[in-house]
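The next block holds one structure in the form of C-alpha cells; read it before the comments.
Each residue takes its place number in the sequence, starting with 1. Counting convention: from 1, in listed order, for ligands and their atoms alike. The structure presented is a predicted model; accordingly, all values stated were derived computationally and were not measured.
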Amino acid sequence: MLSQDITHYEIVIVGGGVAGLCAAAFCGDNFRILERNNEAGKKLLFAGSGQCNITHAGKISDFLTQYGNNQKARFVKPALFAFDNIAVTRFFAERGITLFEREDGKIFPQSMQSQEIRDALFKPIKEKILVNTTVKNVTKIQDGFLIETESSTFLSTKLILTTGGCSYPSTGSKGDGLKFAKSLGHKIITPQPALVPIIVQNFKFADSAGTSFLQTQIEIFRNKKRIYCCNGDVLLTHRGLSGPGILDLSRYIKPLDEIRISIIDAKSESEIFIGKKTLKNVLANSGIPLRFVIQLLHQLDVPLDLPAAETPREIRQQLKFVSFTVEQTGSWNEAMSTAGGVATDEINRYTMESRIVPNLFFAGEILDVDGNCGGYNIQFALASGKLAATSAQNLTY
Ligand SMILES: Cc1cc2nc3c(=O)[nH]c(=O)nc-3n(C[C@H](O)[C@H](O)[C@H](O)COP(=O)(O)OP(=O)(O)OC[C@H]3O[C@@H](n4cnc5c(N)ncnc54)[C@H](O)[C@@H]3O)c2cc1C
C-alpha cells in the first residue's frame, strides 16, 4: 500500500531544461516537471552567449553528420526528422517568436535573447513545474515509478529523465540522472567534457591569445597515428586552443594527444619561400596574424629579417604546421556539452523509451549524444524531448 502523501501523476519529468520543457509542451495535462533550481531552463539562458543558437539552417539530413559518428546519426535521425529545424521554427512562431538565420547558418531568436526562448517554453506550463525540488532517488515499482525528493515522494506511471549531462554544473546538471539511469539498470558511457577548450602543455603562444585561424586543417595524432582530421576555425587562448574547429573535435581529445594546425597550405607554400622580402612579412601578408608570426619565428630561432628565399629546408618543414601537445581538456565548468551518458543502444530511437525498463524515457544531454557547435545540441534536446513525450502519451502496457 502506498502512503496517502504520495501524489500520483501520469507522467513525471525530472529536469526542467530545454529537453524537459519541450517534452512538457507535448505531455497533455496530467504531469509535473521536478526541477532542482528555483527556475527552469537556467542553462538555456547561457546558450549562445545569452543569444541562444537554437538550431541550424539547411536540410535536416545534413544535421546527421553533426553528432560524431554513423551510429549516432542513426540514433538521432527519427527524433530530428519528426521535429526538424522547420518544425522548431514553426513551434516558436506559434509562441510569438521569430527566428532568423545568421550568415553562418546558425539560427537565433530575432531578439537575440535566450530568455525569450526560455520563457516561450516555460510560461505555458509554469503551473506544472515544481521548482526547488531535487530528486534524490528513483525506483521502479509495479505500478510505475517512485520518485523521491528531500521532502516528498511522487508516483508516476511514466517517467521522463531529462536531467542533462555534467556540463556547467552550476546550472543544475550534475550527473544525477546518470545515477538514476544506472540504478534502473542502464549502461552509462563514461561522461567527459565536450565542446570544451583544450589546455596545451607548455603553451608558448599566450601572448597571441585572441588570434584566429579560419578554416585551417586540424589533425589529431595519438601515439603518432593520425586519428582525426578536419578543417575548422581555431582560436588561440591564454592556455591553449579553442574555436569551433577545436570545440567540435574536443569530444575525441585526450591528454598527450598531439594537435597539428596547418598554417601554410601546399598551394601557398610555393609563393612563400621566394624573393627578398623578409619571411616575417611574407607570412604576415599571407594572412597569418603578425603577432603570432613573430612569436613562432622566435621559437624557431629564425631572425626576423631573414629573406624568405633563404629559409632553411628544416624551417620550411616546421612552418607547415604548428604542433601542440594536449595537457588536458578544459573542465566541466567550461564544457558546453557532455560526451557519454546513457548508452543509446539501450534506447528505442523511434520512441526514446528504455529497452530495459518499460515506461521510462530519456531526452536531451543525459543521453550519449553530443552535437557540434551550431545549434545541434538544442535541436536534439527539443526533438528528443518532443519524441519522448509523444511516445509516453501513446504507449500503454
Ligand atoms: C554556456 C553554454 C552555451 C551553450 N550554447 C548552446 C547553443 O547556443 N546552442 C546549442 O545548441 N547548444 C548550446 N549549449 C548546449 C545546450 O544548452 C545543452 O545541450 C542543452 O541545454 C541540454 O538540455 P537538457 O535539457 O538535456 O539539459 P539541461 O539544460 O542541462 O537541463 C537539465 C535540467 O535538469 C535539472 N536537474 C538535474 N538533476 C536534477 C535532479 N536531481 N532533480 C531535479 N532536477 C534536476 C537541472 O537543474 C537542469 O535544469 C550550450 C551549453 C552551455 C553550457
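- Using a 4.5 Å cut-off on side-chain heavy atoms (C-beta onward), Leu99 and Ile117 make contact.
- Of the heavy atoms in Thr55, none comes closer than 4.0 Å to ligand 1.
- Where the criterion is an N or O separation shorter than 3.5 Å, residue side chain and backbone included, Gly48 meets it with respect to ligand 1.
- Residue Asn372 comes nearest to Thr65 through the heavy atom pair ND2-O, 4.4 Å, listed as atom of the first residue, atom of the second, then distance.
- With contacts defined as side-chain heavy-atom distances shorter than 4.5 Å, the pair Leu195/Asp370 does not qualify.
- Remark: ligand 1 and Phe46 share no N or O pair separated by less than 3.5 Å (distance only, no angle test).
- Atom CZ of Arg74 has 12 or fewer heavy atoms from other residues, nucleotides or ligands within 6.0 Å.
- With a heavy-atom cut-off of 4.0 Å, Arg36 touches ligand 1 through backbone and side chain alike.
- Only the backbone of Thr162 comes within 4.0 Å of ligand 1, counting heavy atoms alone; no side-chain atom from C-beta on gets that close.
- Applying the salt bridge (Lys or Arg N to Asp or Glu O under 4.0 Å) test between Glu219 and each of Lys320, Arg226, Arg260 identifies Arg226 as the sole match.
- For atom 23 (O) of ligand 1, the nearest non-hydrogen atom of the protein is Val18 CG1, 3.1 Å.
- The heavy atom nearest to atom 48 (C) of ligand 1, out of those in Lys42, His56, Met336, Glu35, is found in Glu35.
- Using a 4.0 Å cut-off between heavy atoms, Leu34 contacts ligand 1 through its backbone alone, with no side-chain atom that close.
- Residue contacts with ligand 1 include Gly375, since one or more of its heavy atoms lies under 4.0 Å from the ligand.
- Checked against a 3.5 angstrom limit, the closest N/O atoms of Val135 and ligand 1 fall inside it.
- Across the listed options Glu365, Gln51, Gln379, Lys174, Glu365 owns the non-hydrogen atom lying nearest to atom 19 (O) of ligand 1.
- Scanning both residues, Ile11 and Cys27, for their nearest heavy atoms gives CD1-SG, 3.8 Å.
- Between Phe292 and Phe213, the ring centre distance stays below 6.0 Å.
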